[in-house]
Amino acid sequence: MFYFNKPHIEIHINMHKNKICTENSMDEAVKIIKDGGVVAFPTETVYGLGANALNKKAVSKIFVIKKRPLGNPLIVHISDVSELPKLVKHIPKIADILSRKFWPGSLTLVFLKNQLIPDNVVANGNTVAIRIPKNKTALDLIRKSGVPIAAPSANLAGSPSSTTAQHVFDDFGKKVFILDGGDCEIGLESTVLDLTSEIPTILRYGDVSFTDLKKEIGKVQIHPSLLGKKQRNSVKTTPKSPGMKYRHYAPKADLLLVEKNKINDLIKKYKKQGKNIGVMTTSELKNNYPEAYVVLSIGSIKTPKIIAKNLFSVLRNFNNFNVDIILSKNFTEKEVGAAIIDRLQRASKKR
Ligand code: TXA
Ligand code: MG
């Protein structure tokens with residue numbers, strides 16, 4: 001639930017009613033994919049902007065529509081592990097262990113690619129990122145289309161990912177056909193794990209955690225670009241997951257992550273400068289900022305999974321208010337987990 005202080009209005013997060021796609025819209029989506037077009041579809045993580053992964057021309061449309069830098073490769077979505085061998089050069093043993101445990105689900109694995117995959121899918125690299133989503137609509141779309149589907153998150157480059165069909169519509173309007181599968185269950189993008197490095201390396205945090213992976217395969221490392229600024233600066237490395245070098249998830253206003261007890265002082269300071277201040281906070285703290293222009297809650301600190309689910313919606317919702325600066329408490333990893341911290345840091349200006 002959101003709290004708007006001036007005038008006082010309460011806004012419910014699920015403004016968009018769940019609507020499961022009909023047979024007709026699925027048929028239309030399948031036809032579009034088969035004809036080399038682009039379809040937005042739900043997954044359990046976030047909505048994807050998909051096209052036939054084996055059709056270079058179709059894939060190039062994704063980059064144009066999304067305004068995606070060509071150097072940022074796409075994830076290829078399949079519906080069954082039997083589709084893997086034709087897409088990759090080699091399937092390491094740990095891939096079997098991981099796919100058995102986490103597929104279908106929110107783990108993306110990076111392999112050496114096979115020739116079948118067009119260069120633009122992988123941004124001219126020699127590796128390909130692959131996952132089997134869990135969402136039934138996504139699986140149906142892949143199965144019925146009969147091809148693997150390349151799909152980045154269905155948002156304009158740099159914006160928060162889309163977790164509802166409405167978010168996709170807000171970014172692309174009628175430019176893309178949207179398969180509406182209701183709200184995404186997880187709300188954060190998949191964990192990306194590189195299997196081409198000597199030790200499997202986490203390139204992006206997600207719902208499948210470091211500990212989950214370690215439990216299955218023993219050795220896992222975290223790419224230095226995901227570590228804190230100090231640790232990051234002490235390691236010389238090129239970004240392995242090209243997406244990590246781009247600004248992400250940003251609402252229109254600047255998001256500042258600050259100490260909890262400094263928020264009210266900062267509201268006063270910025271108010272004097274004539275700025276409208278939004279506060280993003282938890283349901284426990286939502287009544288603590290009476291001078292803010294708008295206060296939006298991401299949920300209870302006791303339920304980080306709900307916070308993950310709400311995060312992009314709330315970041316996007318600030319765009320509906322005339323807010324100049326958004327203040328948020330600097331959460332700790334212990335409170336909300338690495339994936340949420342990562343998204344907040346990338347959404348904020350000071351990283
Ligand atoms: O949950 C998800 O992963 C969603 C849904 C739609 O599946 N997709 C998604 O895609 O988040 P996107 O394009 O927004 O993020 C994919 C990330 C980017 O950071 C990209 O650089 C990285 O995965 N990536 C893709 N292919 C890669 C590769 N071959 N090697 C390393 N990183 C790769
Ligand atoms: Mg994305």
Side-chain angles (χ1 to χ4, degrees), residues 38-51 53 59 62-63 65-79 87-89 102-114 117-135 137-139 141-142 148-163 167-168 171 179 181 184-197 200-208 223 225-226 238-250 308 312 339 342-343 346-347:
V38 174
V39 167
F41 64 99
T43 82
E44 72 283 13
T45 58
V46 299
Y47 273 73
L49 197 60
V59 169
I62 297 175
F63 285 89
I65 294 170
K66 186 175 156 104
K67 302 198 171 115
R68 167 106 158 180
L70 295 173
N72 197 0
L74 310 180
I75 293 174
V76 174
H77 300 72
I78 57 176
S79 62
L87 302 177
V88 307
K89 256 203 179 124
F102 297 107
W103 282 0
S106 61
L107 177 67
T108 294
L109 299 174
V110 176
F111 300 88
L112 285 174
K113 88 167 190 90
N114 235 344
I117 312 242
D119 288 343
N120 59 350
V121 172
V122 296
N124 292 315
N126 59 357
T127 62
V128 60
I130 299 183
R131 87 175 180 103
I132 302 182
K134 203 175 204 163
N135 180 284
T137 307
L139 287 171
L141 178 68
I142 303 164
I149 294 186
S153 51
N155 53 279
L156 280 169
S159 294
S161 300
S162 293
T163 57
H167 294 161
V168 182
D171 278 17
L179 254 183
C184 299
E185 206 182 306
I186 295 175
L188 295 182
E189 308 84 348
S190 60
T191 305
V192 179
L193 184 72
D194 183 7
L195 299 182
T196 68
S197 48
T201 307
I202 297 180
L203 303 180
R204 179 172 71 183
Y205 291 122
D207 195 51
V208 176
H223 193 273
S225 60
L226 299 184
T238 48
K240 179 80 198 212
S241 175
M244 294 186 301
K245 66 177 184 245
Y246 302 107
R247 179 133 192 257
H248 270 93
Y249 317 123
F312 290 139
D342 172 75
R343 301 316 188 268
R346 283 173 205 278

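Counting starts at 1 for both ligands and their atoms, following the listed order.
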- Message: Any carboxylate oxygen within less than 4.0 angstrom of a Lys/Arg side-chain nitrogen, looking at Arg346 and Glu189?
- Response: no

- May I ask you to decide if Ala154's main-chain N or O and Ser162's side chain share a donor-acceptor pair within less than 3.5 Å? yes

- Between Pro73, Ala151, Pro133, which one has a non-hydrogen atom sitting closest to atom 27 (C) of ligand 1? Pro73

- Task: Give the atoms of ligand 1, by number and element, whose distance to some non-hydrogen atom of Pro152 is under 4.0 Å.
- Result: 10 (O), 12 (P), 13 (O)

- Return yes if some donor-acceptor pair links the side-chain N/O of Arg204 with the main-chain N/O of Ala339 below 3.5 Å, else return no. no

- Query: Do any N or O atoms from the side chain of Arg131 and from the backbone of Ser190 form a donor-acceptor pair under 3.5 angstrom?
  - Reply: no

- Residue and atom names of protein N/O/S atoms that fall under 2.8 Å from the Mg ion (ligand 2): Ser153 OG

- Task: Within a distance under 4.0 Å of any heavy atom of Val46, pick out the atoms of ligand 1 and give their elements.
- Result: 4 (C), 6 (C)

- Item | Residue portion contacting ligand 1 (non-hydrogen atoms closer than 4.0 Å) for His223 | neither

- Message: Below 4.0 Å from ligand 1: does a non-hydrogen atom of Asn72 turn up there or not?
- Response: yes

- Under 3.5 Å: donor-acceptor pair, side chain of Asn114, backbone of Val88: yes

- Message: Counting only nitrogen or oxygen atoms and a 3.5 angstrom limit, does Arg68 reach ligand 1?
- Response: yes

- Are any of the N/O atoms in Arg131 less than 3.5 Å from those in ligand 1? yes

- Task: Have a look at Leu203, Asp207, Val192 and point out the one with the heavy atom closest to atom 23 (O) of ligand 1.
- Result: Val192

- Are the side chain of Arg343 and the backbone N or O of Ala347 linked by a donor-acceptor pair below 3.5 Å? no

- Task: Output, in order, the C-alpha distance, side-chain angles, deciding distance and verdict of side-chain contact (heavy atoms from CB on, under 4.5 Å) for Trp103 and Ile130.
- Result: CA-CA 11 Å; Trp103 282 0; Ile130 299 183; 4.1 Å; yes

- Could you see which bit of Lys113 sits under 4.0 Å from ligand 1, with heavy atoms only: side chain, backbone, both or neither? neither

- Task: Answer with side chain, backbone, both or neither: which part of Leu74 has a heavy atom less than 4.0 angstrom from an atom of ligand 1?
- Result: backbone

- Message: Out of all atoms in ligand 1, which are within 4.0 Å of some heavy atom of Ala129? Include the element for each.
- Response: 25 (C), 26 (N), 27 (C), 29 (N)

- Task: Check Gly181 against Tyr47 and note the closest heavy-atom contact, atom names and distance.
- Result: N-OH, 3.0 Å

- Query: Are the side chain of Ser153 and the backbone of Ser161 linked by a donor-acceptor contact shorter than 3.5 Å?
  - Reply: no

- Task: Mind listing the closest non-hydrogen atom pair of Ser106 and Glu44 along with its distance?
- Result: N-OE2, 3.7 Å

- Note on the structure: Per-atom filter on ligand 1: closer than 4.0 angstrom to a heavy atom of His77 are 5 (C), 6 (C), 7 (O)

- Message: Any side-chain to backbone donor/acceptor pair from His223 onto Thr201? Under 3.5 Å, distance only.
- Response: no

- Query: Do any N/O atoms on Thr127 end up under 3.5 angstrom from N/O atoms on ligand 1?
  - Reply: yes

- Query: Asp171 side chain to Leu156 main-chain N or O, any donor-acceptor pair under 3.5 Å?
  - Reply: yes

- Task: For Thr45, counting its heavy atoms only, list the atoms of ligand 1 lying under 4.0 Å from any of them.
- Result: 1 (O), 2 (C), 4 (C), 5 (C)

- Option set Gly206, Ser190, Ser162, criterion heavy-atom distance to atom 2 (C) of ligand 1, minimum: Ser190

- Item | Backbone of Asn155 reached by a side-chain donor or acceptor of Lys66 within 3.5 Å | yes

